[in-house]
Amino acid sequence: MDKDKLPVVELHHFDAGVETFTRQKTGAFGGDIDYTLRAFPNHHRALMAMVNLGVKEKTNHARGARYTVDCYLLRAEAYRPDDSMVKVIYGLYYLKHGRPGDAVKKLEEARSIAGDDANVHYNLGLAYTDLKEYDKALKSAHVAYSKGFPLPGLRDRLRRAGVWRDLPQ
């Protein structure tokens with residue numbers, strides 16, 4: 001679909017109420033998110049919403065969606081293999097499903113495309129923390145925070161594990 005159609009798709013199918021599952025609707029949120037992802041397979045916010053909807057509904061096939069969450073992620077990767085954010089979202093999907101090893105693979109793919117991106121390193125640090133690979137987690141945390149990443153969660157998790165060290169000045 002043409003990029004000039006994106007505002008129309010978002011207006012009718014992916015507004016803030018759909019993205020946050022707060023709009024009163026007669027149909028399932030999965031249908032609107034599905035429409036958005038079929039029109040724009042690598043729509044980052046819609047992909048993340050589909051991941052979150054699957055988690056919320058405790059299923060890999062959200063009500064109203066044509067495909068499984070995995071399928072939307074695979075379609076997005078096939079559509080734009082060079083889109084690092086799709087790989088980050090895929091990594092987050094794996095983290096939310098207790099699969100940190102798979103998350104690391106996707107996040108390392110994202111890092112190979114995006115380089116030292118703070119968001120990629122933050123999430124990579126979370127995955128390495130889940131695997132108890134604290135040296136790698138700390139290294140990713142230092143990159144993320146040196147680039148101004150604002151969320152303290154990774155640092156807090158590393159502190160609770162007793163392995164946080166400030167980056168030498």
Side-chain angles (χ1 to χ4, degrees), residues 14 16 18-22 29-30 33-34 36-37 40-62 65 67-169:
F14 195 70
V18 171
E19 185 172 8
T20 60
F21 319 126
T22 56
F29 290 111
I33 301 169
D34 166 82
T36 304
L37 290 173
F40 297 95
N42 70 326
H43 189 292
H44 300 152
R45 290 180 11 253
L47 273 174
M48 197 66 230
M50 188 60 81
V51 167
N52 289 334
L53 184 59
V55 169
K56 178 180 167 116
E57 293 183 356
K58 295 181 173 72
T59 182
N60 193 36
H61 197 152
Y67 307 116
T68 64
V69 177
D70 288 302
C71 187
Y72 290 107
L73 292 163
L74 287 170
R75 287 166 49 87
E77 275 191 320
Y79 181 70
R80 287 283 313 274
D82 61 338
D83 188 338
S84 64
M85 191 60 196
V86 168
K87 295 182 185 310
V88 169
I89 294 166
Y90 216 147
L92 292 171
Y93 166 79
Y94 284 136
L95 281 175
K96 289 174 181 277
H97 288 86
R99 296 170 58 184
D102 291 324
V104 164
K105 289 176 189 164
K106 287 297 174 188
L107 292 163
E108 287 289 0
E109 288 176 27
R111 190 177 62 78
S112 73
I113 295 167
D116 282 340
D117 178 82
N119 184 49
V120 172
H121 273 283
Y122 179 84
N123 289 295
L124 191 53
L126 292 174
Y128 279 129
T129 300
D130 285 353
L131 291 170
K132 297 184 179 8
E133 293 184 29
Y134 295 121
D135 288 344
K136 291 178 182 178
L138 187 61
K139 183 177 178 182
S140 282
H142 285 156
V143 173
Y145 292 124
S146 73
K147 296 197 168 292
F149 197 84
L151 300 178
L154 176 56
R155 180 175 34 242
D156 293 346
R157 288 183 64 193
L158 291 169
R159 278 188 178 135
R160 283 193 301 275
V163 297
W164 176 258
R165 291 183 309 277
D166 287 328
L167 191 60
Q169 297 294 319

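From a predicted model like this one, the values you see are computed outputs, not experimental measurements. The figures here come from the full heavy-atom set of this structure, side chains too, leaving out hydrogens, waters and symmetry mates. In this chain, residues are counted from 1 in sequence order.
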List the atom of [X], the atom of [Y], and the distance in Å for their closest heavy-atom pair.
| X | Y | result |
| --- | --- | --- |
| Asn42 | Ala76 | CA-CB, 4.1 Å |
| Ala62 | Met50 | CB-SD, 4.1 Å |
| Glu109 | Ser112 | O-OG, 2.7 Å |
| Gly54 | Val69 | CA-CG2, 4.4 Å |
| Thr22 | Phe29 | N-CZ, 4.0 Å |

> Hey, is the main chain of Ala65 close enough, under 3.5 Å, to the side chain of His61 for a donor-acceptor pair?
Replying inline: yes
> Between Ser140 (side chain) and Ala137 (backbone), is there a donor-acceptor pair under 3.5 Å?
Replying inline: no
> When you look at Asp117 and Arg111, which way does the side chain to side chain contact (heavy atoms under 4.5 Å, CB included) test go after all the steps?
Replying inline: CA-CA 7 Å; Asp117 178 82; Arg111 190 177 62 78; over 6 Å; no
>> Does anything in residues 137-151 form a salt bridge (Lys or Arg N to Asp or Glu O under 4.0 Å)? List the pairs, not counting sequence neighbours.
In response: none
> Are the side chains of His43 and Ile33 in touch, meaning some heavy atoms are under 4.5 Å apart?
Replying inline: no
>> Test of understanding: with ring pair (Phe, Tyr, Trp, His ring centres under 6.0 Å), list the residues that count as partners of Tyr128, not counting sequence neighbours.
In response: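 For Tyr128, no residue satisfies ring pair (Phe, Tyr, Trp, His ring centres under 6.0 Å) once neighbours in sequence are set aside.
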>> Going by ring pair (Phe, Tyr, Trp, His ring centres under 6.0 Å), name the residues that satisfy it together with His97, two or more places apart in sequence or in a different chain.
In response: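 Counting only residues at least two positions away or on another chain, His97 forms a ring pair (Phe, Tyr, Trp, His ring centres under 6.0 Å) with Tyr93.
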>> Using 0.5 Å steps for rounding, measure from the CG atom of Leu138 to the NE2 atom of His142.
In response: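 Result: 4.0 Å between the selected atoms.
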> What distance do Lys87 atom NZ and Glu77 atom CD have between them, rounded to the nearest 0.5 Å?
Replying inline: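 With rounding to 0.5 Å, NZ (Lys87) is 3.5 Å from CD (Glu77).
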> Looking at residues at least two apart in the chain, or sitting in another chain, which of them share a side-chain contact (heavy atoms from CB on, under 4.5 Å) with Ala103?
Replying inline: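 So Ala103 forms a side-chain contact (heavy atoms from CB on, under 4.5 Å) with Tyr94, Leu95, Leu107, Ala127.
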> Which residues pass the side-chain contact (heavy atoms from CB on, under 4.5 Å) test with Glu19, sequence neighbours left out?
Replying inline: Phe14, Arg45
> Phe149 vs Tyr122 aromatic rings, parallel, tilted or perpendicular, using cut-offs 30° and 60°?
Replying inline: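 Aromatic pair Phe149/Tyr122 classed parallel.
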> Is the number of heavy atoms from other residues, nucleotides or ligands under 6.0 Å of Asp135 CG greater than 12?
Replying inline: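 Count not over threshold, so no.
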Kindly list each side-chain donor-acceptor pair under 3.5 angstrom involving residues 151-165, sequence neighbours excluded, with atom names and distances?
{"residue": "Arg157", "atom": "NH1", "partner": "Asp130", "partner atom": "OD1", "Å": "3.3"}
{"residue": "Arg157", "atom": "NH2", "partner": "Asp130", "partner atom": "OD1", "Å": "2.2"}
{"residue": "Trp164", "atom": "NE1", "partner": "Asp166", "partner atom": "OD1", "Å": "2.9"}

> Does a salt bridge link Glu108 with Lys136, judged by any charged N lying under 4.0 Å from a carboxylate O?
Replying inline: no
